[in-house]
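All ligand and atom numbering here is 1-based and tracks the order in the structure. Everything quoted here is computed from the prediction, not taken from an experiment.
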Amino acid sequence: MKQLVILISGRGSNLAAIADACAAERWPACIAAVVSNRHEAAGLHEAQRRGIATRVVDHREHADRTSFEAALGAAIAPYRPDFLLLAGFMRILTPQFVEAWAGRIVNVHPSLLPAFAGLDTHRRAIEAGCKLAGATVHLVTPELDHGPIINQGAVPVLAGDSPATLAARVLQMEHRLYPAAVRWLVADELAFDAGRVTHRTGEAQWLV
Ligand code: GRF
């Protein structure tokens, strides 16, 4: 049974999608805890409603990133996670933290990486005149939003889209992509080689 810890900062819809798929599909995995860096994160209620343990490590109570990450690490450690899943976790992790968890931190990013790393992806995609947008689930490396890609999903950018309408369409894709990626991880169905991720039996790593 793989142990998962999910890190959030806000709404928690990806955490809900992962938790529901884990239960419905009976993954060989357990969501041991959800940890938020904000007390007010609505996702904490999503976790509690599902009977998942929650912890808060508020970055505002720490003088610097090193002290915050030491507290974060201490909150996570008792759950002995095999994987840390970032799901709308809005803190940049230091290279030291990422290296300590190398190959075991996963993130969902609301763009088709390597396009539009960083924030404000939907506005930037619309302003660039993109016809497709999407989401990417990837392993976290020290360089922001640049780790090996596990799977990606594309959605259209429609005439008249605002960043909010595009974000809502991309979010639905995230809810399909992220559970699929985690299911592969916990079932050991992925192979990692030279910065590339392939599915061992060739399952499609893209969605439309
Ligand atoms: C998602 O769009 C994710 O890609 C981005 O933040 C949002 C989090 O949404 N990093 P939720 O908290 O999972 O609902």
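- Protein heavy atom in closest approach to atom 7 (C) of ligand 1: R11 NH2, 4.0 Å.
- We find that R196 and D193 are not joined by a salt bridge, their nearest charged nitrogen and carboxylate oxygen being 4.0 Å or further apart.
- In this structure, the protein non-hydrogen atom closest to atom 12 (O) of ligand 1 is G12 N, 2.8 Å.
- Under 4.0 Å is where a charged nitrogen must lie from a carboxylate oxygen, and between D188 and K2 no such pair does.
- Atom NE2 of H45 sits about 9.0 Å away from atom OG1 of T54, to the nearest 0.5 Å.
- Closest to atom 8 (C) of ligand 1 among all protein heavy atoms lies G88 CA, 3.6 Å.
- Side-chain contact of T94 with E69: a donor-acceptor pair under 3.5 Å is present, judged by distance alone.
- One distance of note links CZ of F68 with CG of L93; it measures 7.5 Å at 0.5 Å rounding.
- When hydrogens are left out, the protein atom nearest atom 4 (O) of ligand 1 is E174 OE1, 2.8 Å; that is the closest non-hydrogen contact.
- An N or O contact shorter than 3.5 Å is missing between H109 and ligand 1 by distance.
- With respect to E61 and R38, no salt bridge is recorded, no charged nitrogen being found less than 4.0 Å from a carboxylate O.
- Taking 4.0 Å as the cut-off, V108 counts as a neighbour of ligand 1 on heavy-atom distance.
- Numbered from 1 in the order shown, with element, the atoms of ligand 1 that lie under 4.0 Å from a heavy atom of P110 read 4 (O).
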